[in-house]
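Reminder, nothing fancy here: chain letters follow the sequence lines and each chain counts from 1. Bear in mind the structure is a predicted one, so any value in this text is a computation, not a measurement. Computed over heavy atoms, backbone and side chain alike; hydrogens, waters and symmetry mates excluded.
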2 protein chains.
Amino acid sequence: MNDQTIDVDQLTPGARQVLDAASRLFYEHGIHAVGVDGIAEESGVTKRTLYNNFASKDALVTAYLQHRHSSWWPRLQERIDDAAAPRALALFDVYAEDALHVTRGCAFLNAAAELPTDHPAFAVIRHHKASIEELLARLVREDSPEEPTPDQLGRHLFLLLEGAFAHQGVRGRQLITEAREIARSLLQ
Amino acid sequence: MNDQTIDVDQLTPGARQVLDAASRLFYEHGIHAVGVDGIAEESGVTKRTLYNNFASKDALVTAYLQHRHSSWWPRLQERIDDAAAPRALALFDVYAEDALHVTRGCAFLNAAAELPTDHPAFAVIRHHKASIEELLARLVREDSPEEPTPDQLGRHLFLLLEGAFAHQGVRGRQLITEAREIARSLLQ
DNA sequence: AACCCCCTATACCGATCTGTGAAGTTCCGC
DNA sequence: GCGGAACTTCACAGATCGGTATAGGGGGTT
């Protein structure tokens, strides 16, 4: 399924440093505001090493989002597995915890705001958001089988979650806890 | 209140062309992806004229968002005035109509994703979003006085609206109509 | 030993970035 | 017809952009 995911453990040390530095800088300052010179300097590696490991800046941007998704997703799954019904609230909990260091909102929506829709990374963005929406829909179907319209409830929770997350960089992190409270009341 | 708004009618013709072209390009391609050379070329004026009317690219970015808010807000108010209760749904209607040409989601959230938080335009972004949230809260208080927690319902609608709008560039425009349907059911 | 891979350093490419300088033109109100 | 605002063209500055070139060092495998 995820044939494109980045296996961090098999990256060369230099490549790992490049990806880490690029992730920090892209998220903090935006993609177009960060140059490859800055990434190389921040990662303690020369541009030659950067281009030995990543074909282009665009490829590095794609790897940034792929890695962000593929390292976060198992952590979310773990929290879902440990949660009691309604497990959908576990997503809000994870987002609320992340909010302490994820101070500029959703990295995927931020990237979508900057990239052309035919950029290779755009497929990663769509995959990430579709995964979350499908996960919420499944959790609602399984945990609230008496619900007459589980699909609509799933989308309802998705909009609450993403609305709060999208505004995190503008409004701050209390919005996500308010969204969780609203979601909790919806799930009885 | 709005001492910083741009009065389009008293801009010089060249300045107006610059602002229009910059607005198109900033929204379509992002702020950092667009250079002043491209804005000058697209607007049919020279860079000299651009800098005679705007102190810097940052000032032009700020004017772009100020104008976008100050030209859209009266149109929204008009629709609110003409709407029947619950008037909050009129916001969803306006967003749904805008979606036909506003294909890359919210210009203010997109800008917030690219700009540093101390950029002058960031205050415009916060003002815009606070205005919408306050408007929704007021409409709910006035139209649904029987509601036990009108503030929470207002925030609930805000999150639905903004969640759908934020995803418009990724998921397309049917999400906003689904959000409207959910909002309608919440308002009975 | 030879080889290969990954790394280093430094210099360079053409293009583009924001912003400025100087000088000349068009148009409008007085 | 004059002044001035707004415009034009052209050139340029200094920096930075993404990306490449050359040359060599360090360590592990065979």
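- One can place OH of A:Y51 at 18 Å from C1' of C:dT8, the figure rounded to the nearest angstrom.
- A salt bridge is defined here as a Lys NZ or Arg NE, NH1 or NH2 lying under 4.0 Å from an Asp or Glu carboxylate O, and A:R16 with A:D20 meets this definition.
- For A:T12, a side-chain nitrogen or oxygen approaches OP1 or OP2 of C:dC7 to under 4.0 Å.
- Using the six-membered ring where Trp is involved, B:F165 and B:Y95 have ring planes that are perpendicular, over 60° apart on the 30 and 60° scheme.
- Of the two residues contacting DNA chain C, namely B:G38 and A:R48, the nearest-nucleotide position lying further toward the 5' end is that of A:R48.
- For D:dT8, one of the phosphate oxygens OP1 or OP2 lies less than 4.0 angstrom from a side-chain nitrogen or oxygen of B:T49.
- When the C1' atom of D:dA6 is taken as reference, atom CG of B:L50 falls 14 Å away, rounded to whole Å.
- Comparing C:dG19, C:dA9, D:dC7 against the side chain of B:P13 picks out D:dC7 as the nearest.
- Atom-to-atom, NZ of B:K47 to P of C:dT16 comes out at 13 Å; the value is rounded to the nearest Å.
- Taking atom CD1 of B:I39 as the reference point, atom C1' of C:dT18 lies 11 Å away to the nearest angstrom.
- Residue-level contact check: B:D37 touches the bases, meaning some heavy atom is under 4.0 Å from a base atom.
- As rounded to whole Å, 8 Å separates atom P of C:dC6 from atom CG of A:N53.
- Toward the 5' end of DNA chain C, the nearer of the two residues B:V34 and A:Q17, judged by each one's closest nucleotide, is A:Q17.
- Dense packing is recorded around CD of B:E28, with more than 12 heavy atoms of other residues, nucleotides or ligands lying under 6.0 Å away.
- In terms of phosphate contacts, A:S56 brings no side-chain nitrogen or oxygen within less than 4.0 Å of OP1 or OP2 of D:dG18.
- In the set C:dC7, D:dC7, C:dT20, D:dC7 carries the atom at the smallest distance from any side-chain atom of B:N52.
- Along DNA chain D, the nucleotide closest to A:A55 and the one closest to A:A33 are compared, and the more 5′ of them pairs with A:A33.
- Taking the six-membered ring where tryptophan is involved, the planes of B:H127 and B:H69 are perpendicular, since the angle between them exceeds 60° and thus also 30°.
- Atom CZ in B:F54 sits about 10 Å away from atom P in D:dC7, given to the nearest Å.
- Nearest to the side chain of B:V45, among D:dT8, D:dG19, D:dC7, sits D:dT8.
- Note on A:D98 versus A:R75: salt bridge recorded, some NZ/NE/NH1/NH2 to OD/OE distance being below 4.0 Å.
- The distance from atom CZ of B:R16 to atom P of D:dC7 is 14 Å, rounded to the nearest whole Å.
- Residue B:K57 places its side chain closer to C:dT18 than to any other of C:dT18, D:dG18, D:dC7.
- Rounded to whole Å, the distance from CD1 on B:I31 to P on C:dC17 is 15 Å.
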